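Presented below is the structure to which this report refers.
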Amino acid sequence: MEPRYDIKEVEARIAERWDEAGYANPDICVAQGVTAPDAEPFAMVLPPPNVTGTLHMGHAAMLAIEDIMVRYARMTGKRTLWIPGTDHAAIATQSRVEKDIAKSEGKNRYDLGREELLRRVHEFAQSSHDTIVRQVRRMGASLDWSREAYTLDETRALAVQTAFTRLYDMGLIYRGNRVVHWDPKGQTTISDDEIVYEERTATLYTFRYDKDFPIPIATTRLETKFGDTAVAVHPSDARYAQYVGKTLEANFCGTLIKVTVVADESVEKDFGTGALGVTPAHSMVDWEIAQRHALPLVQVIDEHGRMTVPNDLVHGKKTADARAIVAEDLRSRGLIEKEEDIAQNVATAERTGGIIEPLPKLQWFIAVNKPFGAEGKTLKERMRAAVESSAITIMPERFSRVYFTWIDNLRDWCISRQIWFGHRVPVWYNADAVYVGTHMPDGEGWEQDPDTLDTWFSSGLWPFSTLGWPDEHAPDLARYFPNAVMETGYDILFFWVARMILMSAALMDGAIPFRRVYLHGLVRDDKGRKMSKSLGNIIDPLTMADKYGADATRLSLVIGAAPGNDIKLSEDRVRGYRNFSTKLWNIARFIDMNRPEDLTKGSRAADADCPEMKELVALAQEVTAHLDAFEFHLAGEALYHYVWHRLADEIVEAQKTALRDGAGPEREAAYALLESLLLASLKMLHPFMPFITEEIWGIFRPGTLLMVEAW
RNA sequence: GCGUCCUUAGCUCAGUGGUAGAGCGUCACAUUGACAUUGUGAAGGCCGGAGGUCCGAUCCCUCCAGGACGCACCA
C-alpha cells in the first residue's frame with residue numbers, strides 16, 4: 001500500500017469503478033444477483049437542486065445523509081433506488097438571468113422578448129445543470145443516473161399537464177378573480193409562502209376622510225383610501241354601533257367615496273381608533289372582510305404600483321409619492337388627528353425583494369377547502385390526516401406540529417405566474433371557449449394562456465413523476481411508490497413536502513407519497529450565521545472535497561449533527577475528519593504490511609469467541625440500531641471512536657509484538673484478528689465514507705466491491 | 001399574540017433518569033513510529049437560573065432569564 005493516502009486520485013478512480021459496475025441501478029443489482037428480485041424496495045428521490053448555481057454545503061449535507069441511508073439499504077439487501085434530478089426553479093432562475101442581463105446589457109425581459117429570454121434562461125439552466133451534476137457525483141452519492149429527471153423535461157411536462165387537467169376536471173383547480181400577492185418588481189403573482197416579512201418603521205396616520213365624516217380611522221397606507229368601500233368596527237364596540245349598517249358618503253381629497261359601516265369580528269377595538277378603513281382591492285384581509293359583507297371593490301393602484309384613481313392630486317403617481325401628497329393635503333385641512341411611528345412588517349417577494357402590492361387579478365388556484373372524491377374530504381383534511389394518522393411520520397417529531405399549524409392557516413394556492421420560464425398553463429382560449437387539456441385542441445384560433453405555473457406545482461409531483469407517472473403501468477411506479485423516505489431540509493417543509501402530500505392526495509387516489517419524512521438542519525458558519533456571498537463566509541464543499549476528501553467532508557456534516565438542528569461548520573472540523581481518513585489508511589497499511597508471507601489473503605478467520613470479536617459484534621448491533629433509527633450522527637460517532645481509540649490505539653498496539661516477533665501460528669492468529677476487525681469496520685464505515693473504505697477493501701479483497709457487500 | 005428550538009469544557013457541538021463526552025484549542029512528557037504526525041497524561045464543566053416529581057435530575061414537569069427560528073397579525 002502507498003505510504004500516503006492520495007485523496008484525489010483514489011476518489012476519482014473509485015467513482016469510476018462504481019460507474020462501471022452500475023450498482024446504483026437496482027435493475028443491475030438484480031441482474032447480477034446482488035439483490036434478490038423480490039427484495040423489499042427502498043426508494044427515495046433526491047430533492048432536486050435548483051439549476052440556479054452551484055452546489056453548496058446544504059446540498060452536501062443532504063447528499064451525505066441520503067447516501068448513508070441508500071448505501072445502508074443496499075448493503076442490507078433491499079432493492080434500492082435513489083433518483084437524481086434537477087429543478088428548473090422558475091422564478092429563481094428567470095430572475096437570476098434577468099439580473100445578469102440587466103447588469104451586462106442594460107436590458108429587461110420585454111426588450112428581449114419571450115423567445116429570446118427563454119433561450120438565454122435555458123442556456124444558463126443547462127450549464128448550471130452540468131456543473132451541479134458533476135458536483136453531486138463528486139460527493140460520492142450513489143444515485144441511479146440512468147433515471148435522471150428534470151422538472152422541465154418532456155416526461156415531467158406531460159405529468160404537469162396531466163395533473164393540471166385532472167385537478168381541473170375534479171374541480172380542484174379553478175380560475176378566479178381574487179386579491180393576490182403581486183410583486184411589482186418581478187411583475188408576477190406569488191404564493192403566500194414566497195413572502196418574506198421585513199420589519200420597518202411606518203407612520204400610522206389617524207385621520208378622517210373629510211371634516212363631516214363621523215368616524216376617525218387609522219392607516220399606514222393613506223394612498224389606498226381612495227379605494228375604501230367600508231369602515232369595519234367590532235360588533236361589540238358601543239362607540240360606533242349607531243353607524244353599523246349605514247352607508248356614508250365622503251369627499252376624500254376630492255374623490256367621492258361611499259363607505260358602508262360593517263361589524264366584523266376581525267377588528268380589534270384597541271388598535272388605532274377601533275375603526276378600520278376597508279380597502280378590498282388592496283389588502284388581503286380587507287378583501288376577506290369584503291367577501292363576508294358583499295362589499296364592492298374599487299381598484300386604485302395598477303401592476304406597476306401607480307395610482308389609477310381619477311384624481312388630479314395623485315393620478316399616475318407612485319404609491320409612496322401619492323401617500324406623501326395625500327398626507328400633506330389632509331394635514332393642511334386639519335384632518336389628521338395623529339401621526340405616530342410604528343414598527344410594521346412589510347411583505348416582500350422572496351426572490352426579487354419587491355414590496356408586495358395586493359391586487360385583484362384573474363388567476364388560477366388550487367382549492368384546498370373544497371370536498372372531493374368518494375369520501376368528500378378536502379385537500380386540507382387529507383393533508384392533515386396523512387400525518388395525523390401516522391401514515392407519514394415526520395422526524396424529528398416536533399415538525400409535525402409546525403406542519404399542522406401551516407395546514408390550519410392554508411388558503412387556496414395561487415399557481416399561475418406571469419413569468420415566462422416554466423410550465424405553461426395548459427389552457428387554451430378561443431373567443432368565449434375555454435379548453436383545458438394536455439394538448440392544444442383542433443381548430444382555428446386557439447390561444448394558450450400566457451402564464452406559467454408555480455415551480456412547486458411540478459416539484460409537488462416529483463415522487464411519482466420521476467417514476468413514470470402518468471403512465472399508470474410504469475413498472476417503477478408499481479414497485480417504488482410510495483417512496484420509503486423523503487429527506488430534505490426543514491426550510492422547505494411547506495414549500496415542498498406539504499405540496500407533495502397535497503398532489504399525491506389528489507392525484508394518486510389519496511395515497512401518501514412517502515412513509516417517512518426526515519428533516520435535516522441548515523448548514524451555517526462557525527458563528528451560526530447563514531453562509532452567503534456578501535458575508536464572505538462560504539465554505540465550498542468542492543474545495544473541501546479536493547483538500548480533505550469527499551469522505552471527510554461528509555463526516556463533518558453528519559457526526560455531531562442532530563436531526564433537525566442546524567449544523568455549524570468550520571474548516572477545522574473537516575480537517576479533523578481528514579485526519580481520521582489518514583488514521584484509517586494507516587491502520588490498513590500496518591495490517592497489510594505485516595501479513596505473514598505464507599498466508600494467503602483471507603485464508604484464516606479470526607476466532608469468533610475472542611473478546612475482541614465479541615466487542616465488535618456488540619458495536620455492529622449498536623451501529624445497526626442507530627442506523628435503523630435514523631440516528632446517523634450516533635452511528636458515525638460510535639464507529640469513529642471505535643476505529644481510532646479502540647482498534648488503533650489499543651487492539652493494534654496489543655497485537656504488535658505477536659505480529660512481528662511471534663511464532664508462525666501466533667502471527668497468523670494476530671493477523672487474522674486484525675484483518676477481521678478492519679474489514680468489519682470498513683463495512684460499517686462505508687455508508688459514511690464510501691471512497692476510502694472501498695479503496696482499502698479492494699486491497700484486501702481484490703475484485704469485489706464493498707458497496708454491494710452484505711451488511 | 002401562538003408555537004418550536006437552543007443555553008453542557010476556552011470555542012463549536014453531541015449525549016444520558018444513576019454525579020458527563022467528541023472535535024478544535026491549552027499544558028507536560030514521549031515518539032520519527034503503521035500515522036504531512038501520533039501516543040500517554042493533565043488542566044478545564046455546581047450540564048443558564050429558581051422551584052417541583054423521584055431513592056436519585058444535566059435529562060421529566062412548572063416558572064424565569066437570554067438567544068435563535070416558525071406562524072399569524074400588522075388598520
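Quick note on labels: first sequence line is chain A, next is B, and so on, each numbered from 1. For clarity, every value in this text was computed on a predicted model and none was experimentally measured.
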Using Watson-Crick or G-U wobble geometry with both distances below 3.5 Å, tell me the partner of [N], or none.
N     : result
B:A14 : none
B:G70 : B:C2
B:C54 : none
B:U7  : B:A65
B:C47 : none
B:A42 : B:U26
B:U19 : none

- Item | Pair A:D286 + A:R221, salt bridge at N-O below 4.0 Å | no

- Identify the residue among A:R331, A:K211, A:R208 that makes a salt bridge (charged side-chain N to carboxylate O under 4.0 Å, His left out) with A:E337. A:R208

- Query: With respect to A:W456, which candidate in A:F494, A:W413, A:F495 satisfies the ring-ring contact (aromatic ring centres under 6.0 Å, His included) definition?
  - Reply: A:F495

- Message: Between A:Y518 and A:F632, is the ring centroid distance below 6.0 Å?
- Response: yes

- Item | Candidate nucleotides B:C24, B:G23, B:C71, ranked by approach to the side chain of A:T405 - the nearest | B:C71

